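In what follows, a structure is listed as structure tokens, so that the remarks can point back to it.
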Amino acid sequence: MRLYNTLTRGEEPFAPSADNTVRMYTCGLTVYARGHIGNFRTFVCLDVLRRTLKYLCGYRVRQVMNFTDVDDRTINGAQKAGMDLRAYTDQYIAAFREDMRALGLEEIEEMPRATDEPNLRAMANMVAALERNGHTYRSDGSIYFKISTMPGYGKLARLDHQGMKPGARVDSDNYAKEDARDFVLWKGPREGEPSWEFADAGVPAGRPGWHIECSAMALRLLGEAPIDVHAGGIDLVFPHHENEIAQSEGATGKPFSRFWVHVEYLIVDEQKMSKSLGNTYTIPDVVAKGFRPSAVRYLLLSAHYRKQLNFTWESLGSAEKALQRLTDCLARLDLVTAPGSHPNLAPQIARAREAFAAALRDDLNTAAALGAVFELVSAVNAAIDTGDVGLDDVAAIREAFDDVDRVLGVLSLRRVEDECPPVPVDEIERFIEERHAARRRRDFAAADRIRDDLAARGVLLEDSPTGTRWKRK
RNA sequence: GGCGCCGUCGCCAAGAGGUAAGGCAGAGGUCUGCAAAACCUCCACCCCCGGUUCAAAUCCGGGCGGCGCCUCCA
């Protein structure tokens, strides 16, 4: 497939470097709060990348996504809550896993947390390697990365340091640095903060800096540099990923990652959605508003991942409707009883499949891919109306939708949601029977009352010549 | 101050030199006890101004507008 690489600022043909296996690292969540749908835009898009690589390109994927469970925010949060750091971050990791499931994210091979012993040790070893290679200095008990020792520094972010606005921002790290651009690898111990020591590696008591986590865990769990893909939100380009490159390449002497993939922001009210701005929505927030996680997933896929996406409740409502059009079409297939097949449909199915795959292989163009799916929906609906569909066609259509959804992951999610409707299924069926009897005696007022009552409880009834079907609102 | 992205129908959104996909909403019709679903028909010359070209929404230049990054950030 073709994939945009932030490193080169262009699309390039992508294939894994070895073994037919894509080794991909994803910067995950800092677990000091529940992730919001802005965070999940990144994770959903990367889930579709992962699925595209697996199901459309035929590669194996080995993915690592970390939890940052030690940094200023998690430490402060734990202190405020009067909790142990580990217990404090546990809650948000559990919440993240719940949201992952709700959004239909595939299981990821490794989801390490920074404070697991083998990871801390890997970080310490990397710090030691950087010290050996002369990329560091110590000051006030902390160890820093010295940027002037890396001539290639800045190749990812391409920042022009000459033009930087002086004093645009003040470094929030209160640690003594020789140069404002240097960054901390290992923070010296402080009162009330967790601390680890790796004397055998020559690393004194303290805690890891943010950037070293990802470098160390990526190489520990994915093997030799360069890995194939390193991905995350676009806000991580600088400084996080730039610094990861400096560390990893300073320690190993090899390129860190072949491809860098960055997902654009989800914005809301024309501003980026972020916890510090207080304009975030979580999956439970969305559910409380009466929307379904599948609609969120759909909405997040309705725009290209490298374009900002402005979230509104209105667009979430549209997403809900669009998704319903897909599931309604599939439900209509149940009404087909004619055997055999009609000659028109097969080429349309083939064309849609090709367009779908081509769109995704073209730098993950999910919006265009959805367009291809809806064109098939129109063709199928029209064929059902004219009776030009046989059971063999139905099987082929279902198979096409199954394949499409292996990548989009949105129909299967709906199906899971539909398994637990707001009204118990046996109760719905009883109402349908009652309404059926009312209609037979032409008591339409009673029939309509039953339908309205169910609608108010979130269940819609649709009559057809072959019976009544229900669906969730 | 430096760098980058974006501006396509009422809303969302593909398209990136060859005459505008798709979704939502809307109008009219068919079907229905009524609905719903579905179908049919209708609904855009692409922010503005110049330029290149046989041909530009797509390329170039200049405006205007929006967003982002420049060490908390998915």
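Throughout, protein chains are lettered first and strands after them, A, B, ... in sequence-line order, and every chain is numbered starting at 1. Computed from a predicted structure; not experimentally measured.
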- Task: Considering only atom C1', compute the distance from U58(B) to U8(B) and round it to an integer number of Å.
- Result: 11 Å
- Message: Of the options A74(B), A35(B), A14(B), whose atoms approach the side-chain atoms of A367(A) most closely?
- Response: A14(B)
- Tell me what R306(A) touches on the nucleic acid: a base, only sugar-phosphate, or nothing, going by heavy atoms under 4.0 Å. nothing
- Relative to the 5' end of RNA chain B, which residue comes earlier, N381(A) or L299(A), by the nucleotide with the nearest heavy atom? L299(A)
- Message: Under the criterion of centre distance below 5.5 Å and interplanar angle below 30°, is F444(A) classified as stacked on the base of G33(B)?
- Response: yes
- Task: For A55(B) and C3(B), measure between their C1' atoms and round to the nearest Å.
- Result: 35 Å
- Message: Looking only at the side chain of R451(A) (C-beta and beyond, no hydrogens), which of the listed nucleotides G33(B), A38(B), A25(B) gets closest?
- Response: G33(B)
- Query: Base, sugar-phosphate alone, or nothing: which one does G233(A) contact when heavy atoms must sit under 4.0 Å apart?
  - Reply: sugar-phosphate
- Task: Using the P atom as the reference point in each nucleotide, state the distance between C47(B) and A13(B) in Å, no decimals.
- Result: 14 Å
- Message: Could you check whether S378(A) and R325(A), counting side-chain N and O atoms only, form a donor-acceptor pair closer than 3.5 Å?
- Response: yes
- Query: With sugar-phosphate meaning primed atoms plus P, OP1 and OP2, does G317(A) contact a base, only sugar-phosphate, or nothing at under 4.0 Å between heavy atoms?
  - Reply: nothing
- Looking at T30(A), does any N or O in its side chain come under 4.0 Å of the phosphate oxygens OP1/OP2 on A74(B)? yes
- Item | Partner nucleotide, any strand, of C67(B) [Watson-Crick/G-U, under 3.5 Å] | G4(B)
- Query: When you compare C11(B) with A25(B), how far apart are their C1' atoms, in angstrom units rounded to a whole number?
  - Reply: 7 Å
- Query: Taking the side chain from R292(A) and the backbone from L413(A), do they hold a donor-acceptor pair closer than 3.5 Å?
  - Reply: no
- Would you kindly give the CZ-to-C1' distance between R469(A) and A36(B), to the nearest whole Å? 10 Å
- Query: CG of L376(A) versus P of G22(B): gap in Å, rounded?
  - Reply: 13 Å
- Task: Report yes if a side-chain nitrogen or oxygen of R158(A) is closer than 4.0 Å to either non-bridging phosphate oxygen (OP1 or OP2) of G4(B); otherwise report no.
- Result: no
- Which is true for D328(A) with a 4.0 Å heavy-atom rule: it touches a base, it touches only sugar-phosphate, or it touches nothing? sugar-phosphate
- Less than 3.5 Å between a donor and an acceptor, one on the side chain of N310(A) and one on the base of C67(B), is that the case here? no
- Take the protein atom CG of D385(A) and the nucleotide atom P of U30(B), then report the distance between them rounded to whole Å. 15 Å
- Query: Do we see a donor-acceptor contact under 3.5 Å between the side chains of T68(A) and E213(A)?
  - Reply: yes
- Base, sugar-phosphate, or nothing for H304(A), non-hydrogen atoms under 4.0 angstrom? sugar-phosphate
- Message: Under 4.0 Å, counting only non-hydrogen atoms across every strand here, what does R9(A) touch: a base, just sugar-phosphate, or nothing?
- Response: nothing
- Rounded distance in Å between the P positions of G10(B) and U19(B): 23 Å
- Message: What contact category does T42(A) fall into here, base, sugar-phosphate, or nothing, at under 4.0 angstrom with non-hydrogen atoms?
- Response: base
- Query: F238(A) CZ to C70(B) C1': how many Å, rounded?
  - Reply: 7 Å
- Task: Indicate, with a heavy-atom threshold strictly under 4.0 Å, whether G232(A) touches base, sugar-phosphate, or nothing.
- Result: sugar-phosphate
- Looking only at A37(B), A13(B), A74(B), the nucleotide nearest the L309(A) side chain is A13(B)
- Task: For T26(A), report the nucleic acid contact type (base, sugar-phosphate, nothing); a contact means any heavy atom under 4.0 Å.
- Result: nothing
- Message: At 4.0 Å (heavy atoms only), tell me whether I384(A) reaches a base, stays on the sugar-phosphate, or touches nothing.
- Response: nothing
- Message: Taking Y265(A)'s backbone N and O only, do any of them form a donor-acceptor pair with R41(A)'s side chain (distance below 3.5 Å, no angle check)?
- Response: yes
- When you get a sec, tell me which of A74(B), G68(B), G33(B) is the closest nucleotide to the side chain of Q308(A)? G68(B)
- Task: Side chain of Y298(A) only, please: which of G23(B), A13(B), A74(B) is the nearest?
- Result: G23(B)
- Query: Taking the P atom of each, how far is G22(B) from U32(B), in whole Å?
  - Reply: 29 Å
- Any donor-acceptor N/O pair, R207(A) side chain to R190(A) backbone, under 3.5 Å: no
- Side-chain atoms of K272(A) come closest, of A37(B), G68(B), U71(B), to G68(B)
- Message: Measuring only the C1' atom in each nucleotide, how far is A16(B) from A21(B)? A whole number of Å is fine.
- Response: 14 Å
- Query: Paired with A38(B): which nucleotide, if any, by Watson-Crick or G-U wobble criteria at under 3.5 Å for both distances?
  - Reply: U30(B)
- How do E462(A) and A368(A) order along RNA chain B: which one's closest nucleotide is nearer the 5' end? A368(A)
- Query: NA contact type, S302(A), heavy-atom cut-off 4.0 Å: base, sugar-phosphate, or nothing?
  - Reply: sugar-phosphate
- Item | Interatomic distance at C1', C43(B) relative to C59(B), whole Å | 31 Å
- Looking only at G23(B), G33(B), C40(B), the nucleotide nearest the R435(A) side chain is G33(B)
- Task: Determine the contact category for L236(A): base if any of its heavy atoms lies under 4.0 Å from a base atom, sugar-phosphate if only primed atoms, P, OP1 or OP2 are that close, otherwise nothing.
- Result: sugar-phosphate
- Plane angle bin for H135(A) and F145(A) - parallel if under 30°, tilted between 30 and 60°, otherwise perpendicular: parallel
- Note on the structure: Between OH of Y265(A) and C1' of A74(B) the distance, given in whole Å, is 8 Å
- Query: Where the side chain of D405(A) meets the backbone of S412(A), is there a donor-acceptor pair that is under 3.5 Å apart?
  - Reply: yes
- Regarding the side chain of K307(A), the nearest nucleotide among A74(B), U71(B), G7(B) is G7(B)
- Note on the structure: Under a 3.5 Å limit on both distances, the Watson-Crick or wobble mate of C9(B) is none
- Query: Which one, G23(B), G33(B), G15(B), comes nearest to the side chain of N365(A)?
  - Reply: G15(B)
- Return yes if some donor-acceptor pair links the side-chain N/O of S215(A) with the main-chain N/O of E244(A) below 3.5 Å, else return no. yes
- Note on the structure: Rounded to whole Å, the CG-P distance (D362(A) to G15(B)) equals 7 Å
- Between N119(A) and A114(A) the two heavy atoms that sit nearest each other are CB-O, 3.6 Å
- For H211(A) and C72(B), what is the distance between atoms NE2 and C1' respectively, to the nearest whole Å? 11 Å
- Item | Nucleotide nearest E375(A) when distance is taken to its side chain, options G33(B), A21(B), C24(B) | A21(B)
- Paired nucleotide for C59(B) [Watson-Crick or G-U wobble; both distances under 3.5 Å]: G51(B)
- Item | Heavy atoms of other groups near R442(A) CZ, more than 12 under 6.0 Å | no
- Integer-rounded Å distance: A74(B) C1' and D71(A) CG: 14 Å
